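Shown next, in C-alpha cells, is the structure this report addresses.
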Amino acid sequence: MITVKDILQKKREKKKITALTAYDYPFAKILDEAGIDIILVGDSLGNVILGYENTLPVSMDEMIHHAKAVSKAAKNALLIGDMPFMSYQASQNRCMENAGRFIKEAGVKAVKLEGGKSVAEKIETLNGVGIPVMGHVGLTPQSIHKFGGYKVQGKDKISVEQILKDAEAIEKAGAFSIVLEGIPYTLAKKITEALSIPTIGIGAGPYCDGQILVTHDLLGMSGEFKPKFVRRYAETGKDILKAVTEYKDDVQHGSFPSIEESYKKTVGHLKVLK
Ligand code: KIV
C-alpha cells in the first residue's frame, strides 16, 4: 500500500510518480492492478462522468459517492479525494468537515485542493488533524471564470512569480505534493527544482516529478476533446461505438442470440414446451 511517505521518498530517489483519475470501481481496479502510484478521484468527475459543462457544479455528496466505489478497488495505490468547488473555500470549519467526510465516509488517504497562498492556512489546519494534502496551482479549473476559460497560466512575469510564490506557500503549509496544471514546462521545471515536495504535472511538461492525466482522455473516451498535453494510448470510445453498433445490428437482424448462445436443456414442467 503506497503512502504519502512513499510519494515523498520517490522524489528523493528521483523516481517518477504515476497518477491517474478514477471515478468508479472497474476503472480503479485496472489502475491499481497496473501499479499506478496515485489514484485521484478528481472533480473532473463533473465533465467526464456527470455530463456537466465544467467542475463547478460538482457536490461533496457526488464526490463521496464515487470515491466510495474507487476506494473498494484501490488496494495498493494512494487514494486521493479532490475537494470540489466551495467545499473548502468558505471557511476553515467547512474545509475540515468536508475533508473529514472524505476520510471517514469514502476511505481516501489524502485530499487535494486548488489554490496557492489563499488556501495555505487550510492546508496547515488539515495537516494539524492528520489529513495529508496535495496542492494544485497553475490552470486551476475551479477558477476558469477568473481566467476567462481554460487558458495556460504563467505566461508573463507577474503570473510566473505568483505561481512560484503559491507553490512555495503550499509547501511551507505542509502539503505533501502539488499538481502543476497548464503552465509552461520551463516554469514547471523551476518549481520542481525549488520544492522538496514532488510536483505532479498535467500539461506542465516533462520535468515534473510525476504525471497525472484524466484516464478517459488517455483512453480516447473524451470524443473530440484532445488538448496538446494528452497522449492517447487507446481509442476505446471508437471501439465501444463499433461494438455497440454491431450488437444493435445483430439483434435487429436476428443473428443474436444464436441457438449456441441459448440454454438447451429443459427441466421439470418446461419439458412440456416443444
Ligand atoms: O479533477 C481532476 O481530475 C484533476 C486532475 C486532472 C489534476 O484535478
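All values derive from a computational prediction rather than experimental measurement. Both counts, for ligands and for their atoms, begin at 1 and track the order of listing.
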TODO: Looking only at distances, please establish whether an N/O atom of ligand 1 is found under 3.5 Å from an N/O atom of Glu114.
DONE: no

Task: Tyr23 N/O under 3.5 Å from ligand 1 N/O - done: no

With heavy atoms under 4.0 Å as the rule, classify the contact between [X] and ligand 1 as side chain, backbone, both or neither.
X: Ile200; result: neither
X: Leu40; result: side chain
X: Leu45; result: neither
X: Asp43; result: both

Open item on the list: Starting from atom 2 (C) of ligand 1, what is the nearest protein heavy atom, named by residue and atom, and what distance separates them?
Closed with: Ser44 OG, 3.3 Å

[X] heavy atoms, cut-off 4.0 Å: which ligand 1 atoms fall inside?
X: Gly42; value: 1 (O), 2 (C), 3 (O)
X: Lys112; value: 8 (O)
X: Thr21; value: 3 (O)
X: Ile202; value: 6 (C)

Check: [X]/[Y] side-chain N/O donor and acceptor closer than 3.5 Å:
X: Thr21; Y: Tyr23; result: yes
X: Thr3; Y: Asp6; result: yes
X: Gln142; Y: Asp43; result: yes

TODO: If the plane angle is over 60° it's perpendicular, under 30° parallel, otherwise tilted; pick one for His216 and Phe27.
DONE: parallel

Task: Tyr185 atom OH, neighbour heavy-atom count above 12 within 6.0 Å - done: no

Task: Lys72, NZ atom: more than 12 neighbouring heavy atoms under 6.0 Å - done: no

- [ ] Determine whether any heavy atom of His136 lies closer than 4.0 Å to an atom of ligand 1.
- [x] yes

- [ ] Could you name each residue pair satisfying salt bridge (charged side-chain N to carboxylate O under 4.0 Å, His left out) that touches residues 203-212, not counting sequence neighbours?
- [x] Lys11-Asp209

Got a list of side-chain donor-acceptor pairs under 3.5 Å for residues 123-132, not counting sequence neighbours?
{"residue": "Thr125", "atom": "OG1", "partner": "Gln92", "partner atom": "NE2", "Å": "2.6"}
{"residue": "Thr125", "atom": "OG1", "partner": "Glu121", "partner atom": "O", "Å": "2.9"}
{"residue": "Asn127", "atom": "ND2", "partner": "Gly174", "partner atom": "O", "Å": "2.6"}

